[in-house]
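Okay, so here's the structure we're looking at.
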There are 2 protein chains.
Amino acid sequence: MKKPPRISETEWDVMKICWSQPHASAQEIIDTLAAQDDWHPKTVKTLLNRLVKKRALGFKKEGRAYLYHPLVIEKECVAAESRSFLDRVFGGSLSPMLAHFVEHRKLSPTEIAELKTLLKQKETK
Amino acid sequence: MKKPPRISETEWDVMKICWSQPHASAQEIIDTLAAQDDWHPKTVKTLLNRLVKKRALGFKKEGRAYLYHPLVIEKECVAAESRSFLDRVFGGSLSPMLAHFVEHRKLSPTEIAELKTLLKQKETK
DNA sequence: TTCAGACAATTACACCTGTAATCATTACGC
DNA sequence: GCGTAATGATTACAGGTGTAATTGTCTGAA
């Protein structure tokens, strides 16, 4: 269970796509990112290569094209990044952090209801 | 209201101290960090200089020593960093993020109660 | 069969980061 | 007054990052 490598800011965007569409081709990834973030194709290729080198992505040649697939688990990367953020910005203590987000950002009534349910489960468990 | 500069991982540790003890001397900061993080004094000095250059810290000569004080507001830095984290890791959507933390990490009954109170306030406002 | 176009690999390059070491200055003890 | 110690300033240096451009290779069309 090797821990995930460090994923940079821009690399996260690429990984998100790879997690949501496993086996995406380079072209698909490039197109998606060109559309949503207006990135240059060459830039995306560089990021793909770096992620392969870091062993965050693997690829398979499928004829002419490369199909990329994640080698690291999204949940684990999210957990690692969350942990690092929590430590860095809130000194590792959870409830000030949650308070910050609840206060600073709008939550729809539905979201509030969901959270209350979550808390209730947590409470009784 | 200039937006805060980007603060790196190690720089956060320094800023935390400067926020909690405004007007700390270089020596105090160095000692604190040497104790808690086992950093080399030279390393801390480098970080202080970089933060001054970034205009995150200012200083005043007080005789032989330098006293550092924050030029950026903790709340704003926390907000910027939180925003960036939320966007990067959770695609900007708050409730999956909150769910992640509530699920992954232990909350004491007290913390749960506090959060419920917060949510209640949010709800009725 | 050869050339152009597509796509991958390699190279570029400036700035940021972590982690210090070395240089310069200044004040204090002798 | 002069040398030494303390402390601030400058320099170092190898990765990492954002953002590509250039080079190499293979395939299909003419």
Side-chain angles (χ1 to χ4, degrees), chain A residues 3-18 23-34 36-69 77 80-81 84-85 87-89, chain B residues 3-18 23-34 36-69 77 80-81 84-85 87-89:
Chain A
K3 53 197 152 324
R6 202 163 233 305
I7 294 172
S8 84
E9 203 132 346
T10 47
E11 286 166 356
W12 268 92
D13 290 340
V14 177
M15 289 305 294
K16 282 287 182 189
I17 294 180
C18 292
H23 307 297
S25 71
Q27 200 51 57
E28 286 167 337
I29 297 170
I30 286 173
D31 290 346
T32 307
L33 285 168
Q36 85 187 24
D37 294 293
D38 196 35
W39 284 358
H40 196 289
K42 301 296 186 177
T43 301
V44 179
K45 280 294 301 171
T46 300
L47 292 173
L48 285 171
N49 284 333
R50 286 182 185 168
L51 286 165
V52 168
K53 190 164 306 171
K54 285 184 184 185
R55 309 198 51 69
L57 292 179
F59 63 89
K60 243 183 358 203
K61 292 190 183 219
E62 185 84 5
R64 68 257 158 244
Y66 278 33
L67 302 188
Y68 291 89
H69 56 272
C77 293
E81 193 71 24
S84 146
F85 164 73
D87 286 345
R88 178 167 16 113
V89 180
Chain B
K3 53 196 154 322
R6 201 162 232 307
I7 293 173
S8 84
E9 202 131 348
T10 47
E11 287 165 357
W12 267 94
D13 290 339
V14 177
M15 290 304 294
K16 282 287 181 189
I17 293 179
C18 293
H23 307 297
S25 71
Q27 200 50 57
E28 285 167 337
I29 298 170
I30 286 174
D31 290 346
T32 307
L33 285 168
Q36 86 188 25
D37 293 292
D38 196 35
W39 284 359
H40 196 290
K42 301 295 187 178
T43 301
V44 178
K45 279 295 299 172
T46 299
L47 292 173
L48 284 170
N49 284 333
R50 285 183 185 168
L51 286 165
V52 167
K53 190 163 305 170
K54 284 185 183 183
R55 308 198 50 70
L57 291 179
F59 63 87
K60 244 183 358 204
K61 292 191 183 220
E62 184 85 6
R64 69 254 157 247
Y66 279 33
L67 302 188
Y68 291 88
H69 56 272
C77 293
E81 192 72 24
S84 147
F85 164 73
D87 287 346
R88 179 169 15 116
V89 180

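In the text below, chain A, chain B and the rest are named by the order of the sequence lines, each starting its count at 1.
To the nearest angstrom, P of C/dT17 lies 15 Å from CG of B/L48. For A/L51 and D/dT17, the CG to C1' distance is 12 Å, given to the nearest whole Å. Atom CG of B/D37 is separated from atom P of C/dT19 by 10 Å (rounded to the nearest Å). B/F59 has its CZ atom 16 Å from the P atom of D/dT7, to the nearest Å. Rounded to whole Å, the distance from CG on A/L47 to C1' on D/dG18 is 8 Å. The NZ-P distance, from B/K53 to D/dG8, rounds to 16 Å in whole Å. The interatomic distance linking B/L57 (CG) with D/dG8 (C1') rounds to 15 Å, in whole Å. We find that CD of B/E28 is positioned 18 Å from P of D/dA6, with the value rounded to whole Å.
When each of D/dT17, C/dC7, C/dA8 is scored by its nearest atom to the side-chain atoms of A/A26, the top-ranked nucleotide is C/dA8. Here the nucleotide nearest the side chain of B/N49, chosen from D/dG18, D/dT10, C/dT22, is D/dT10. Side-chain proximity of A/K54 to D/dT17, C/dA8, D/dT7: nearest is D/dT17. Proximity note for B/Y66 (side chain, C-beta onward) versus D/dT17, D/dG8, D/dT22: the nearest is D/dG8.
Under a 3.5 Å cut-off, the side chain of A/T32 and the backbone N or O of A/E28 do form a donor-acceptor pair.
Summary of the strand contacts: A/T46 and B/K42 both lie near DNA chain D, and taking for each the nucleotide with the nearest heavy atom, the more 5' one is attributed to B/K42. Mapping B/R6 and A/Q27 onto DNA chain C via the closest heavy atom, the residue that lands nearer the 5' end is A/Q27.
Close to D/dG8, at under 4.0 Å from its OP1 or OP2, lies a side-chain N or O of B/K45. Side-chain N/O atoms of A/S8 include one lying less than 4.0 angstrom from OP1 or OP2 on D/dG18. Residue A/H40 places none of its side-chain N or O atoms closer than 4.0 Å to OP1 or OP2 of D/dG18. Note on B/T43: a side-chain N or O is less than 4.0 Å away from OP1 or OP2 of C/dA20. For A/T10, a side-chain nitrogen or oxygen approaches OP1 or OP2 of D/dG18 to under 4.0 Å. Between B/K61 and the phosphate of C/dT25, there is no side-chain N or O to OP1/OP2 separation shorter than 4.0 Å.
Between the CD atom of A/E11 and the NZ atom of A/K16 there is a distance of 14.0 Å, given to the nearest 0.5 Å. Rounding to the nearest 0.5 angstrom, the gap separating the NZ atom in A/K54 from the CZ atom in A/R6 is 8.5 Å.
Using modelled atom types, one finds no donor on one side chain facing an acceptor on the other under 3.5 Å when comparing A/K60 with A/Y66. Side-chain polar atoms of B/R50 and B/T46 form no donor-acceptor pair below 3.5 angstrom.
With hydrogens and angles ignored, a donor-acceptor pair under 3.5 angstrom links the side chain of B/R50 to the base of C/dT19.
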Could you please spell out the steps behind the side chain to side chain contact (heavy atoms under 4.5 Å, CB included) verdict for A/T10 and A/V14?
CA-CA 7 Å; A/T10 47; A/V14 177; over 6 Å; no

